[in-house]
Amino acid sequence: MSFGIKPLGTRVVIKKVEAEEKTQGGIILTSSAKEQPQMAEVVAVGPGTKDEPMEVKVGEKVIFSKYAGTEVKYQGEEYTIMSQADILATVE
């Protein structure tokens, strides 16, 4: 699925999963109190390189480094472009 952003090399484009609105105890959080999510869905992957093939696929849920990537806004949606090396794990 091509949506307009095509990452180069070993970069991936992710869309973050929304942070929880409520704590386990039922307290509703304001937007500033919510912790930034570290889980996201992969929406585009680069072609990889001969030295580093791509290990993630479009549609996979991943966990990534907290301060990784560059945030971009495209057609009203927020995405993050990061190196595949900043992805720590996939979620099944």
Side-chain angles (χ1 to χ4, degrees):
M1 170 181 119
S2 177
F3 73 100
I5 298 176
K6 183 179 177 191
L8 303 175
T10 59
R11 290 181 185 83
V12 299
V13 180
I14 60 169
K15 183 169 174 63
K16 293 179 182 174
V17 175
E18 287 299 313
E20 286 293 320
E21 301 279 332
K22 232 188 252 190
T23 65
Q24 284 184 328
I27 298 170
I28 297 174
L29 299 172
T30 64
S31 59
S32 61
K34 290 182 206 170
E35 188 171 323
Q36 286 291 335
Q38 287 180 257
M39 189 177 296
E41 182 176 345
V42 177
V43 293
V45 297
T49 63
K50 66 178 184 165
D51 296 327
E52 187 179 349
M54 296 307 288
E55 295 182 50
V56 295
K57 298 179 201 77
V58 172
E60 284 187 310
K61 295 241 187 290
V62 295
I63 297 172
F64 57 94
S65 297
K66 194 169 199 160
Y67 301 106
T70 301
E71 293 185 1
V72 294
K73 197 167 204 172
Y74 180 74
Q75 295 182 342
E77 297 283 335
E78 295 207 11
Y79 300 96
T80 303
I81 301 172
M82 67 176 55
S83 172
Q84 177 178 246
D86 291 324
I87 294 176
L88 306 174
T90 58
V91 180
E92 294 182 4

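Side-chain N or O atoms of E60 include none that pairs as donor or acceptor with a backbone N or O of V42 at under 3.5 Å.
Using a 4.5 Å heavy-atom cutoff, the side chains of I14 and V43 are not in contact. A heavy-atom distance below 4.5 Å is found between the side chains of V56 and T90. In this structure the side chain of T80 reaches within 4.5 angstrom of the side chain of K16, judged on heavy atoms.
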Quiz prompt | Derivation and outcome, side chain to side chain contact (heavy atoms under 4.5 Å, CB included), residues V91 and I63 | solution = CA-CA 7 Å; V91 180; I63 297 172; 3.7 Å; yes

Practice problem: Could you walk me through whether V62 and E41 pass side chain to side chain contact (heavy atoms under 4.5 Å, CB included), step by step? | Solution: CA-CA 6 Å; V62 295; E41 182 176 345; over 6 Å; no

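Listed by chain and number, the residues in a side-chain contact (heavy atoms from CB on, under 4.5 Å) with E77 are K15, Y79 (sequence neighbours excluded). Listed by chain and number, the residues in a side-chain contact (heavy atoms from CB on, under 4.5 Å) with E78 are E71, K73 (sequence neighbours excluded). For S83, the side-chain contact (heavy atoms from CB on, under 4.5 Å) partners two or more places apart in sequence, or in a different chain, are T10, A85, D86.
Separating the CE atom in M82 from the CD1 atom in I87 is a distance of 6.5 Å, to the nearest 0.5 Å. I5 contributes atom CD1, which lies 5.0 Å from atom CD1 of I81 (distance to the nearest 0.5 angstrom).
Looking only at atom types and distance, the side chain of Q84 has a donor-acceptor partner in the side chain of E52 under 3.5 Å away.
Residues P7 and P47 approach most closely at O-CD, 3.7 Å, considering heavy atoms. Of all the heavy atoms in Y74 and G4, the pair that sits closest is OH-CA, 3.5 Å.
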